[in-house]
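Taking it in order: structure first as structure tokens, then the write-up.
Each chain gets a letter, A, B and so on, in the order the sequences are listed, and its residues count up from 1.
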Protein chains: 2
Amino acid sequence: MSEDAALRLDEQLCFKLYAASRAVIRGYRPMLESLGLTYPQYLAMLVLWEWRDAPPAHPTVKALGERLALDSGTLTPLLKRLEHLGLVQRQRGRPDEREVHLALTEAGAALRDRVGPLRDALMCRAGLERGGLGALREQLDGLLAQLTGSG
Amino acid sequence: MSEDAALRLDEQLCFKLYAASRAVIRGYRPMLESLGLTYPQYLAMLVLWEWRDAPPAHPTVKALGERLALDSGTLTPLLKRLEHLGLVQRQRGRPDEREVHLALTEAGAALRDRVGPLRDALMCRAGLERGGLGALREQLDGLLAQLTGSG
DNA sequence: GTGAATTGAGTTGTGTGCAATTCAATAGCG
DNA sequence: CGCTATTGAATTGCACACAACTCAATTCAC
């Protein structure tokens, strides 16, 4: 492949990823608006809902940050907004007071039941519910492993 | 698939896309820092470099926005930064003074020569240069078509 | 035990994304 | 021609991302 061709935008996997990611987020927006959440807030809630069933030893900001690959600079204000919405409780850890432990409120736990139907509608609209999407997931897994492992 | 499983974060294609996209951008960062560009600025430059060879009828903010799926709210300040860096010229269109036409400066055009080697290094590090990534690209194409077509 | 290094959140500053709005310029229509 | 609708940028406001930094709490080395 020539140098010029290699630099063409359409050839750039990076741009496709970036564009596809933003397109998916745009697709989620109407559904999330009806829940009063932004997309990163929704991802944080997904993790907290998972943790309701199998909580880690320390459900802290750090643990959430590792799960989402986001740092405290992003998560602290985001979690304060979720707290302000009455969905999440933040509490200083004991005995380690550096940690902030996260827990769902009743409203936060209840919100999960409203997500399923909306998500199905979106997946259906995006044509994602069946077929070759498993392969895409696996390739993204591989890409992530490459980038976080060797990068 | 059960409802709970469907909501598991790992199953969410949306999260994988989001995480992979950010990981790729993180990977590009050191290379782009040496060029003095952010990632969206780099994408804009890619388009302008392409247009140097085959410019559209109107290389305007609108045309760039359609190429990158970004609106003027994002592009106007971004392009002002590129102008301030001396890489891009912005000029009100004639005869239509609503349009803003974009052109590379000499420095902006010259910057392209510094990208190739750096990009190769990154692609290599990410294991992206050959092999099964074409399939990933195609699947992202399909996903984008689904989301922008029917969404 | 005590001082140095580390760790977990939080803060600050810059640069996106994107909805909503504004505004001037142009196009469309009778 | 005059009037309205549309269009292209720009602006505003909010919420991320993320680097760099601060600070208090804890851990480690000796």
Side-chain angles (χ1 to χ4, degrees), chain A residues 15 18-30 32-33 36-45 56-85 88 90-102, chain B residues 15 18-30 32-33 36-45 56-85 88 90-102:
Chain A
F15 174 67
Y18 166 81
S21 175
R22 285 188 298 124
V24 167
I25 292 173
R26 267 196 298 276
Y28 269 75
R29 174 176 275 268
L32 294 178
E33 229 158 41
L37 296 176
T38 66
Y39 183 75
Q41 288 167 8
Y42 168 65
L43 294 180
M45 292 301 291
H58 297 287
T60 60
V61 174
K62 177 181 174 57
L64 181 62
E66 282 168 358
R67 193 81 172 80
L68 297 176
L70 291 170
D71 70 2
S72 69
T74 300
L75 286 179
T76 294
L78 185 153
L79 290 167
K80 282 183 178 173
R81 282 176 209 117
L82 289 179
E83 186 180 38
H84 198 257
L85 289 171
V88 166
R90 297 161 64 245
Q91 203 166 10
R92 279 287 160 187
R94 269 176 303 178
D96 191 336
E97 291 195 6
R98 288 171 304 181
E99 300 175 341
V100 167
H101 289 252
L102 304 172
Chain B
F15 173 67
Y18 166 79
S21 176
R22 285 189 298 124
V24 168
I25 292 173
R26 267 197 298 276
Y28 269 76
R29 175 175 274 268
L32 294 178
E33 229 158 42
L37 296 176
T38 66
Y39 182 75
Q41 288 166 9
Y42 168 64
L43 294 181
M45 292 301 291
H58 297 286
T60 60
V61 173
K62 176 181 174 59
L64 181 62
E66 282 168 357
R67 194 84 171 78
L68 297 176
L70 291 170
D71 70 2
S72 67
T74 300
L75 286 178
T76 295
L78 185 153
L79 289 168
K80 282 183 178 174
R81 284 178 206 114
L82 289 180
E83 186 179 38
H84 198 256
L85 289 171
V88 166
R90 297 162 62 246
Q91 203 165 10
R92 280 287 160 186
R94 270 177 301 179
D96 191 337
E97 291 196 5
R98 288 172 305 183
E99 299 175 340
V100 167
H101 289 252
L102 305 171

Practice item. Determine the interplanar angle of the Tyr28(A) and Tyr42(A) rings, folded into 0 to 90°, and report it as parallel if under 30°, tilted if 30 to 60°, perpendicular if over 60°. Key: tilted

Nearest-Å distance, [atom1] ([X]) to [atom2] ([N])?
X        : N       : atom1 : atom2 : result
Leu70(B) : dG8(D)  : CG    : C1'   : 16 Å
Leu32(A) : dA15(D) : CG    : C1'   : 14 Å
Lys80(A) : dC14(D) : NZ    : P     : 17 Å
Arg81(A) : dC16(D) : CZ    : C1'   : 7 Å
Asp71(A) : dC16(D) : CG    : P     : 13 Å
Tyr42(A) : dC16(D) : OH    : C1'   : 18 Å

Tell me what [X] touches on the nucleic acid: a base, only sugar-phosphate, or nothing, going by heavy atoms under 4.0 Å.
X        : result
Ile25(A) : nothing
Ala69(B) : sugar-phosphate
Leu75(A) : nothing

Revision key, fill the gap. Note: contacts of residues 91-99 of chain B with DNA chain D (heavy atom, under 4.0 Å) are Arg92(B), Arg98(B), Glu99(B)

Check your understanding: Relative to the 5' end of DNA chain C, which residue comes earlier, Thr38(B) or Pro77(A), by the nucleotide with the nearest heavy atom?
Key -> Pro77(A)

Review point. So which one's nearest nucleotide on DNA chain C is more toward 5', Thr74(A) or Glu33(A)?
Key: Thr74(A)

Revision key, fill the gap. The first and last nucleotides of DNA chain C lying within contact of chain B, meaning any atom under 4.0 Å from one of its heavy atoms, run from dG15(C) to dT26(C)

Check your understanding: Hey, does Leu64(A) have a side-chain heavy atom less than 4.5 Å from the side chain of Leu70(A)?
Key -> no

